[in-house]
There are 2 protein chains.
Amino acid sequence: MREPLSPEMFDPMCPSSAFPIQIGGKWTGMLIRCLEHGPRRFTELRNALPAVTPKVLSETLRSMERDGLLTRTVHDENPPRVEYELTGLGRSLLDLIEASRAWAAEHFHTLLKARDEHDLESSP
Amino acid sequence: MREPLSPEMFDPMCPSSAFPIQIGGKWTGMLIRCLEHGPRRFTELRNALPAVTPKVLSETLRSMERDGLLTRTVHDENPPRVEYELTGLGRSLLDLIEASRAWAAEHFHTLLKARDEHDLESSP
DNA sequence: CGGGATCCAGACGGATACTG
DNA sequence: CAGTATCCGTCTGGATCCCG
């Protein structure tokens with residue numbers, strides 16, 4: 001745990017807009033996975049999800065805090081340090097996320113193929 | 001299988017807008033469950049989801065057909081009869097839906113309580 | 001019966017710039 | 001560092017009416 005988060009943790013080219021399973025908001029599932037191995041700072045999370053603007057990241061984190069999925073801790077230091085950490089409730093979603101990933105590994109390509117073929121038939 | 005679908009199959013008062021797991025579009029998961037035990041007609045599905053307008057239902061079904069989750073069969077009769085039936089791919093999502101329901105049974109009240117308490121603290 | 005056509009509103013996500 | 005402020009385009013979902 002506590003290894004740095006890679007900017008390539010999530011592939012921006014992955015056709016996840018077609019992905020049929022979503023946990024919370026658009027980024028909630030990925031954030032839960034980012035926090036799986038311990039608390040992270042705002043900038044660490046930004047680094048792992050370069051496509052997400054600070055505003056959206058902040059909004060997502062606040063809504064997750066509201067739902068009791070994570071805690072936000074401000075350390076009174078200079079420079080300021082804020083850490084986000086999963087609660088038990090947030091952690092309870094990890095199994096479901098893993099199940100979604102397993103479904104994707106087995107079936108996602110079938111869905112994408114069906115979509116491609118359907119699109120070819122209707123607009124040649 | 002083939003029992004009629006009840007209009008109370010899904011509780012319109014259920015705070016599902018707070019539900020953090022979603023399969024496909026807003027109604028996809030519920031439709032998959034409606035089709036679990038065999039093919040259904042458009043009007044049967046309408047009956048099970050009274051809150052969904054025909055337009056939205058039709059759109060959802062077409063997008064599910066596009067993704068290979070179900071098939072749409074037009075029977076050449078009078079009056080016309082159209083049946084929707086899950087494919088293997090659509091059926092493969094049933095496990096995930098069941099896992100989501102299990103998560104909800106165990107944890108959803110915790111999320112709602114956390115949300116309530118948070119909202120009370122911030123706006124008394 | 002099983003939709004399509006049209007129009008519309010609000011929510012969501014994003015770009016850009018700025019701050020304690 | 002860790003956000004907030006402002007503005008804006010898009011897109012989903014819905015209301016209503018109509019049709020083969």
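Note that the structure is predicted; figures quoted are calculated from it, not measured. Convention: sequence-line order gives letters A, B, ...; per-chain numbering from 1.
Counting only heavy atoms from C-beta outward, the side chains of A:His75 and A:Pro80 never approach each other to under 4.5 Å. Counting only heavy atoms from C-beta outward, the side chains of B:Thr73 and B:Glu85 never approach each other to under 4.5 Å.
One atom, CZ of A:Phe42, and another, C1' of D:dT4, lie 10 Å apart when rounded to the nearest Å. Atom CG in B:Asn78 sits about 12 Å away from atom P in C:dC1, given to the nearest Å. Counting to the nearest Å, the P atom of C:dG3 and the CG atom of B:Leu49 are 15 Å from each other. Rounding to whole angstrom units, OH of residue A:Tyr84 and P of D:dA2 are separated by 8 Å. The interatomic distance linking B:His75 (NE2) with C:dG3 (P) rounds to 12 Å, in whole Å. Atom CZ in A:Arg40 sits roughly 16 Å away from atom P in D:dC1 (whole-Å rounding). In this structure, CG of B:Asp76 is placed 14 Å from C1' of C:dC1, rounded to the nearest angstrom. Taking atom CD on A:Glu77 and atom P on D:dA2, their separation rounds to 10 Å, with Å as the unit.
Residues A:Glu59 and A:Arg62 are not paired through a salt bridge, judged by the lack of any N-O separation under 4.0 Å between the basic side chain and the carboxylate.
Minimum interatomic distance between B:Ile21 and A:Ile23 (heavy atoms only, all atoms of both residues): CG1-CD1, 3.9 Å. For the pair A:Glu36 and A:Arg91, the tightest heavy-atom approach, listed with the atom from each and the gap, is O-NH1, 3.1 Å.
Not counting sequence neighbours, the partners of B:Ala104 by the side-chain contact (heavy atoms from CB on, under 4.5 Å) test are B:Phe19, B:Phe108. Residues passing the salt bridge (charged side-chain N to carboxylate O under 4.0 Å, His left out) test with B:Glu77, sequence neighbours excluded: B:Arg81. Residues satisfying the salt bridge (charged side-chain N to carboxylate O under 4.0 Å, His left out) criterion with A:Glu65, sequence neighbours excluded, are absent altogether.
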Sugar-phosphate atoms are those with a prime plus P, OP1 and OP2; base atoms are the rest. Using that split, label each nucleotide of nucleotides 13-20 of chain C B, S or - for protein heavy atoms under 4.0 Å, 5' to 3'. BBB----B
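Terminal axes of the helix from C:dC1-D:dG20 to C:dG20-D:dC1 (five pairs each, C1' rotation axis) are separated by 60°, to the nearest 10°.
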Below 3.5 Å, can you tabulate the donor-acceptor pairs from side chains in residues 43-50 of chain A to any protein atom, sequence neighbours excluded?
residue, atom, partner, partner atom, Å
A:Glu44, OE1, A:Arg41, N, 2.8
A:Glu44, OE2, A:Arg40, NH1, 3.0

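Distances shorter than 4.0 Å separate none of the side-chain N or O atoms of B:Arg62 from OP1 or OP2 on C:dG3. Phosphate contact (OP1/OP2 of D:dC1, side-chain N/O of A:Arg46, threshold under 4.0 Å): absent. Phosphate proximity of C:dG3 to B:Arg72: present, with a side-chain N or O under 4.0 Å from OP1 or OP2. Look at A:Thr43 and you'll find a side-chain N or O under 4.0 angstrom from OP1 or OP2 of D:dA2. Here B:Arg81 does not reach the OP1 or OP2 of C:dC1: none of its side-chain N or O atoms lies under 4.0 Å away.
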